[in-house]
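For reference, the structure discussed in these notes is given below.
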Number of protein chains: 2
Amino acid sequence: MTKVSALSQAEENYLKEIFHLSGQDKIKVSTNGLAEKLESKASSITDMLKKLGDKKLVSYEKYKGCSLTKKGEKIAIHIIRKHRLWETFLVNKLNFGWDEVHDVAEQLEHIQSLKLINGIDHILNYPKVDPHGDPIPDKDGNIDYLESKVLLSETAISSKVEVVQVSEDSLDLLQYLDSIKLNLGSKIEILERVAFDESIRVKLEGNGELSLSKKVAENIYVKFIQK
Amino acid sequence: MTKVSALSQAEENYLKEIFHLSGQDKIKVSTNGLAEKLESKASSITDMLKKLGDKKLVSYEKYKGCSLTKKGEKIAIHIIRKHRLWETFLVNKLNFGWDEVHDVAEQLEHIQSLKLINGIDHILNYPKVDPHGDPIPDKDGNIDYLESKVLLSETAISSKVEVVQVSEDSLDLLQYLDSIKLNLGSKIEILERVAFDESIRVKLEGNGELSLSKKVAENIYVKFIQK
DNA sequence: AATTATTTTTAGACAAGCCTAAAATATTAT
DNA sequence: ATAATATTTTAGGCTTGTCTAAAAATAATT
Ligand SMILES: [Mn+2]
Ligand SMILES: [Mn+2]
Ligand SMILES: [Mn+2]
Ligand SMILES: [Mn+2]
């Protein structure tokens with residue numbers, strides 16, 4: 001068994017962020033890229049990458065960027081599993097809004113107890129996605145990516161689609177979507193594309209016709225539905 | 001409004017431990033006493049007491065011990081509220097044993113979110129005591145101490161009592177009590193006191209007659225029941 | 001290819017929270 | 001009251017994780 005001895009919260013956050021920036025095709029992550037996401041300075045990143053490199057959690061070569069090792073990736077995925085399960089718990093069991101959960105989950109994701117997180121998974125009935133539609137890794141670290149999702153901003157006129165995921169990075173977006181009653185599962189028909197500002201006019205089931213800016217549409221993933 | 005800006009986990013742990021050592025009559029707490037409980041060195045304690053003194057969370061005078069200020073006490077009680085609510089959550093909702101909850105609660109008690117802890121309180125239906133019988137402070141910091149409790153080791157022969165609280169400090173004790181099916185609420189009749197080793201012979205409802213050592217009996221609180 | 005701009009690393013510093021060893025103070029025993 | 005003992009504080013040091021400023025390496029332009 002490989003030692004999984006307690007990492008610091010800082011270390012866990014680095015691993016998680018490298019995983020996110022690395023993406024599904026696992027590209028190398030730059031020092032500056034990490035610095036921006038982690039809101040710290042490049043020099044601090046370099047220090048930490050050396051340490052994580054020594055611990056064999058990331059592959060790191062000077063000036064060449066970094067990527068997660070198998071061991072590092074496993075830990076990152078587990079942190080993300082905890083984050084998304086806690087967000088789901090807060091929304092499903094404690095009536096939090098989807099705009100209120102991220103900051104609390106940032107804390108809860110560092111709690112160390114397999115029994116706890118697996119218990120939360122159980123009482124939630126093993127959800128597949130979190131309140132923003134992000135996939136929840138299972139106990140073994142498998143992630144069920146939704147292959148067929150596409151950005152709302154890239155759908156053709158008269159498509160009928162269902163919202164499957166929204167970007168969780170902006171509170172403002174989530175609150176705006178609340179205000180127009182656009183949720184996960186919302187059904188949308190694309191009526192018109194306005195060339196001038198690239199906004200789209202849509203029919204939103206339950207809330208009639210409305211217009212969405214390019215920026216909003218770029219932060220919503222949908223899947224096509226046959227009707 | 002007094003600034004309640006985020007304290008470090010270390011600071012929170014100091015406040016909590018000062019509260020516990022200070023007891024209901026709020027005696028002054030010694031540097032060495034704290035050092036032992038916090039498993040660190042007296043010199044470290046002195047450093048921290050200076051800092052907490054500067055922040056007006058404890059009253060501290062060199063060589064004179066320390067005590068919590070109103071502000072410090074309020075924070076300490078809130079940490080304890082969170083600790084005990086989380087323990088209750090783990091036992092009542094996730095089927096943890098009473099011997100498994102303390103270490104996880106030590107982590108969870110530092111999560112900052114009023115909405116979260118009040119939500120947990122709500123889904124637990126506002127419990128008055130935690131899995132070990134310790135009182136859970138309410139939202140406003142009021143603690144409902146059970147006045148009539150007494151140590152099992154100090155009860156007279158042929159008393160009939162009910163277990164209301166057990167010491168949570170020892171895993172061994174909690175597991176031993178599990179093994180003899182002694183829980184909160186268990187009914188006990190005191191049959192005999194053995195002078196030689198100060199053990200007591202009892203009748204435990206649901207598990208017949210058995211003998212409890214002085215040490216065990218000193219870690220169980222009971223209340224008298226009329227029958 | 002040489003110069004300029006950008007990115008990344010190094011060097012040195014700092015706060016938090018801990019430590020050991022030594023000095024200061026308080027307490028207890030003679 | 002003095003000496004011996006116990007407690008507490010000070011002094012100085014270490015690790016983690018951050019920072020700024022300067023140097024080095026890489027990438028982009030001319
Ligand atoms: Mn999130
Ligand atoms: Mn999410
Ligand atoms: Mn506890
Ligand atoms: Mn308890």
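Naming: A, B, ... by sequence-line order, numbering from 1 per chain. The figures here come from the full heavy-atom set of this structure, side chains too, leaving out hydrogens, waters and symmetry mates.
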So OG of B/Ser199 and NZ of B/Lys215: to nearest 0.5 Å the spacing works out to 15.0 Å
Quick one: are the ring centres of B/His132 and B/His102 less than 6.0 Å apart?
no
In whole angstrom, what separates A/Met48's CE from C/dT9's C1'?
17 Å
To the nearest Å, give me how far apart CD (B/Glu11) and C1' (C/dC18) are.
14 Å
Kindly compute the distance separating CG (B/Asp47) from CG (B/Leu52), expressed to the nearest 0.5 Å.
11.0 Å
Letter by letter from the 5' end, nucleotides 8-13 of chain D scores (B base, S sugar-phosphate only, - none; protein heavy atoms under 4.0 Å) BBB---
How many Å lie between CG on B/Asp54 and P on C/dA16, as a whole number?
11 Å
For A/Lys214, enumerate each residue passing the salt bridge (Lys or Arg N to Asp or Glu O under 4.0 Å) test, keeping only those at least two apart in sequence or located in another chain.
A/Glu198, A/Glu218
Any chance the rings of B/Phe89 and A/Phe89 have centres within less than 6.0 Å?
yes
For the pair made of NZ in B/Lys41 and P in D/dT15, what is the distance, rounded to whole Å?
18 Å
To the nearest 0.5 Å, atom CZ of B/Phe19 lies from atom CD1 of B/Ile77 at 4.5 Å
Taking CG from B/Asn13 and C1' from C/dC18, how many angstroms apart are they, rounded to a whole number?
14 Å
Euclidean distance, atom CG of residue B/Leu38 to atom C1' of C/dC19 [Å, nearest integer]
15 Å
